[in-house]
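Protein chains get the first letters and strands the later ones, always in sequence-line order, with residue 1 at the start of each.
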Amino acid sequence: MRMSRLLLRTLREAPGDAEAASHQLLVRAGFIRRLSSGVYTFLPLGFKLVQNITAIVREEMDRAGAQEMLMPVLAPIELLQATGRDAIMDDILMHLTAKGGDFVLGPTHEEVVTTTIGGEVDSYRDLPLNVYQVQTKFRDEARPRFGMMRTREFIMKDAYSFDADAEAMNRSYKVMYDAYCKIFDRLGLTYTPVVADSGAIGGDVNHEFMVASAIGEDFFVQCADCGYAANIEAAIAGEAADAASTGGGDSEEMVVHDTPDTPTIDSLVELFRDRGRDITAAQTLKCITLKDADNNMILALVPGDREVLVGRVGNGAVAFDEADFAAHPELAKGYIGPADAQAKSFRVIADPLVRTGGPWITGANEQGRHATGVTLDRDFTVDEYVAVASVAEGDPCPNCSGTLAFEQAVEAGHTFQLGLTYSQKIDGAEFADEDGKLGQMYMGCYGIGISRMVAVIAELHHDDDGLAWPAAVAPYDVHLLGLGAGRSEEVRDATAKLYDQLTEAGIKVLYDDRDASPGVMFADADLLGMPKIVAIGRKSLEKGVVELKDRSTGDRSEVTPEELLASLS
RNA sequence: CGGGGCGUGGCGCAGGUUGGUAGCGCGCCUGCUUUGGGAGCAGGAGGUCGUGGGUUCAAAUCCCGCCGCCCCGACCA
């Protein structure tokens, strides 16, 4: 490709509203342009990148036995209603009313694929089956972020496996899991598969493929000793977690203190420190009021330095909202304690850490008052122990004697074992088994955000001068610069000749044939980030060589055109 | 959805408190010179100052509403 004809405008300065390095560089290098918040155009160079990433994903999907197809973007709302996801995913669904009825723009395709495959598969002989597509998805994200990292319209590869039983589903899952590892290896990403929470997709076993990054929206924990890795939402700390202690011993009296304006743990800790008592958040007891799907009231207890993972409570539990507190004026919001909670119709659940810690500093159930020396089984009782506390850096590993470290990361892919979650709710997802009995298909689903990969790879592969694409995804293999070609016929001819030779050899070349100054050419080449930069100028011509620079390593060498051809083909 | 910030040529910004016919750098066009790490000179094009209303002789500037964008949080297959 001759640069003089390429739709490309590089920017010397980053757009003022771009924060992440990948976002700034992708815009500066002319790969993407924003149309609206979280809605982007891929310009020619950016689209080549998308195509290259997609090609790798396709190869590995095909190799793993998955078959590519293409489902509609439009999904009838009735289909989502059948599984209840019209409500579950309500806040991200984009609706569209058309002559044929009400639709949503597909945010993911479990329902569509289940009904489609259900209609095609009637026998166990048709299974196992794995289908995939590469398609634009729509999610009305509350907050698009960091350029291509989180957008409202994005390209995704989603695959779905169908099996006759759980064991076969496990095998299909393993094949996909391995394929994902190959894909991320080939994309030049350093990743960690972690045990994850299944969220709105549902199902049991699932893994997120995490890429460590300072702009990641997720955190996972990892044990350096045994390799255990889990999203913090799914992570469970080992039993031997150190007990927090107020140092007062079991005999510490319960004392109520006036603690005005301390509705949060932080403000409480600060107040005690101001009063000369040096406490930490871990010595306080966090009491969170919840209600479940049957409107039962639950009080969840965790040490004050932890969060309550509401999803672990079960039965659709959610935190009290303002209306709930308004309906229960006897609860002193911000000063709730566990004392006599059962008398207020709470079921008290506590993380096991509550058993090993204490005495606690916690709410005294009166506005502006807290109690110290609050002791388990003397001042309050627990109905059930559930691991509802978030893990903390340094917690013991659940699998070995190591400790857990935190890592910030981007979710690059996610694989789920869905089981019968969808096939039970969608009509027709049945097949005749060997005995002629009807069974339901065990499903798995597997997603990779293709357009997000553009941002993730850019985050990992750039420096102060610009992007540095891995060879496997780079839009072009070689960026060829004709230094001063505008005034030197020799240089122009030599560069054009090399361009033709390289192109004939099957090498993808971006040829800078613009009448630009050498500085502009070098700067743009570094910004665009093709793996090899080859410069020809009067100086190198005199020596009969070309200058070769490896964009990633910065290594420079002088080689003859013949040597260059030989090394690249 | 809560908090904060910002909307002025394609991009980055100044001007705004003190109202008086819009400016700088980059980019773009023409010409000449220049050419190994974002060239110089000269000339030129391009702006409903997000939008609607209000105050005023006069609004980019002051007041009110709305829209959009970014960051933090909540949320997030």
(request) In whole angstrom, give me the gap between the C1' atoms of rC26(B) and rC69(B). (result) 22 Å
(request) Name the pairing partner of rC24(B), where a pair is Watson-Crick or G-U wobble with both distances under 3.5 Å, or state none. (result) rG12(B)
(request) Both distances under 3.5 Å, Watson-Crick or G-U wobble: report the partner of rU48(B), or none. (result) none
(message) Please tell me whether W469(A) and F31(A) form a close aromatic pair, meaning their ring centres lie under 6.0 Å apart.
(response) yes
(request) Once you apply the 3.5 Å cut-off to both distances, tell me the Watson-Crick or G-U wobble partner of rA39(B), or none. (result) rU33(B)
(request) Please measure how far the C1' atom in rC28(B) lies from the corresponding atom in rC75(B), and state the result in whole Å. (result) 44 Å
(request) Determine which pairs satisfy salt bridge (charged side-chain N to carboxylate O under 4.0 Å, His left out) with at least one residue from residues 525-536 of chain A, sequence neighbours left out, and list them in order. (result) D526(A)-K549(A), D526(A)-R551(A), K532(A)-D550(A)
(request) May I ask you to decide whether E19(A) forms a salt bridge with R145(A), counting only side-chain N to carboxylate O separations under 4.0 Å? (result) no
(request) Nearest-nucleotide wise, let me know which of K157(A) and R487(A) is further upstream toward the 5' end of RNA chain B. (result) R487(A)
(message) Strictly below 4.0 Å: does R143(A) bring a side-chain N or O up to OP1 or OP2 of rA74(B)?
(response) no
(request) Using modelled atom types only, decide if a donor and an acceptor are shared between the side chain of E459(A) and the backbone of S22(A) within a distance under 3.5 Å. (result) yes
(message) Just the rounded figure in Å: distance from P of rC75(B) to CG of L309(A).
(response) 11 Å
(message) Counting only side-chain heavy atoms from C-beta out, which of rC75(B), rC26(B), rG37(B) sits nearest to A142(A)?
(response) rC75(B)
(request) For rG50(B) and rA60(B), measure between their P atoms and round to the nearest Å. (result) 10 Å
(message) Measure CG/D91(A) against C1'/rC75(B) and give the value in whole Å, please.
(response) 7 Å
(request) Side chain of L483(A) only, please: which of rC76(B), rG36(B), rC69(B) is the nearest? (result) rG36(B)
(request) Could you give the distance separating rU8(B) and rG52(B) at their P atoms, to the nearest angstrom? (result) 16 Å
(message) We want to know whether E111(A) and T83(A) form a side-chain donor-acceptor pair, criterion being a heavy-atom distance below 3.5 angstrom.
(response) yes
(request) Determine the Euclidean distance between corresponding C1' atoms of rG46(B) and rG5(B); express it in Å to zero decimal places. (result) 29 Å
(message) From CD of E490(A) over to P of rU35(B), roughly how many Å is that when rounded to an integer?
(response) 16 Å
(request) Just compare rU35(B), rC72(B), rC75(B) and give me whichever is closest to any side-chain atom of P518(A). (result) rU35(B)
Filtered N/O pairs between nucleotides 8-15 of chain B and protein, under 3.5 Å:
unit_1  : atom_1 : unit_2 : atom_2 : d
rG12(B) : OP1    : G16(A) : N      : 2.8
rG12(B) : O2'    : E13(A) : OE2    : 3.2

(message) Can you identify which nucleotide, out of rC76(B), rG36(B), rG37(B), has its nearest atom closest to the E141(A) side chain?
(response) rC76(B)
(request) For nucleotides rU21(B) and rG16(B), find the distance between their P atoms and express it as a whole number of Å. (result) 14 Å
(message) What I want to check is whether an N or O donor and acceptor connect the side chain of R514(A) with the base of rG38(B) at under 3.5 Å.
(response) no
(request) Could you work out the separation of rG25(B) and rC41(B) based on their P atoms and round it to a whole Å? (result) 10 Å
(request) Would you tell me whether Y180(A) and H414(A) have side-chain atoms, one donor and one acceptor, within less than 3.5 Å of each other? (result) no
(request) With the side chain of R145(A) defined as its heavy atoms from C-beta on, choose the nearest nucleotide among rC70(B), rA74(B), rG38(B). (result) rA74(B)
(message) Would you say S37(A) places a side-chain N or O within less than 4.0 Å of OP1 or OP2 belonging to rG68(B)?
(response) no
(request) For rA58(B), give its Watson-Crick or G-U wobble partner with both distances under 3.5 Å, or none. (result) none
(request) Answer yes if the side chains of N130(A) and S161(A) hold a donor-acceptor pair under 3.5 Å, and no otherwise. (result) no
(request) Decide yes or no on side-chain hydrogen bond (donor to acceptor under 3.5 Å, both in side chains) for Y511(A) and R5(A), but give the supporting numbers first. (result) CA-CA 10 Å; Y511(A) 170 25; R5(A) 299 309 311 154; over 6 Å; no
(message) Taking only the P atom of each, what is the distance from rG36(B) to rA45(B) in whole angstrom?
(response) 33 Å
(request) Using whole Å, report how far CZ of R152(A) lies from P of rC75(B). (result) 20 Å
(request) Ignoring backbone atoms, establish whether S517(A) has a side-chain N or O less than 4.0 Å from OP1 or OP2 of rA39(B). (result) yes
(request) If rC1(B) has a Watson-Crick or G-U wobble mate with both distances under 3.5 Å, name it; if not, just say none. (result) rG73(B)
(request) Grab the CG-P distance between L528(A) and rG38(B) for me, whole Å please. (result) 17 Å
(request) Provide the Watson-Crick or G-U wobble partner of rC6(B), both distances under 3.5 Å; none if there is no partner. (result) rG68(B)
(message) Quick check on RNA chain B: between G38(A) and A535(A), whose nearest nucleotide comes earlier from the 5' end?
(response) A535(A)
(request) Measure centre to centre between the rings of Y446(A) and F209(A), then say whether the value is under 6.0 Å. (result) no
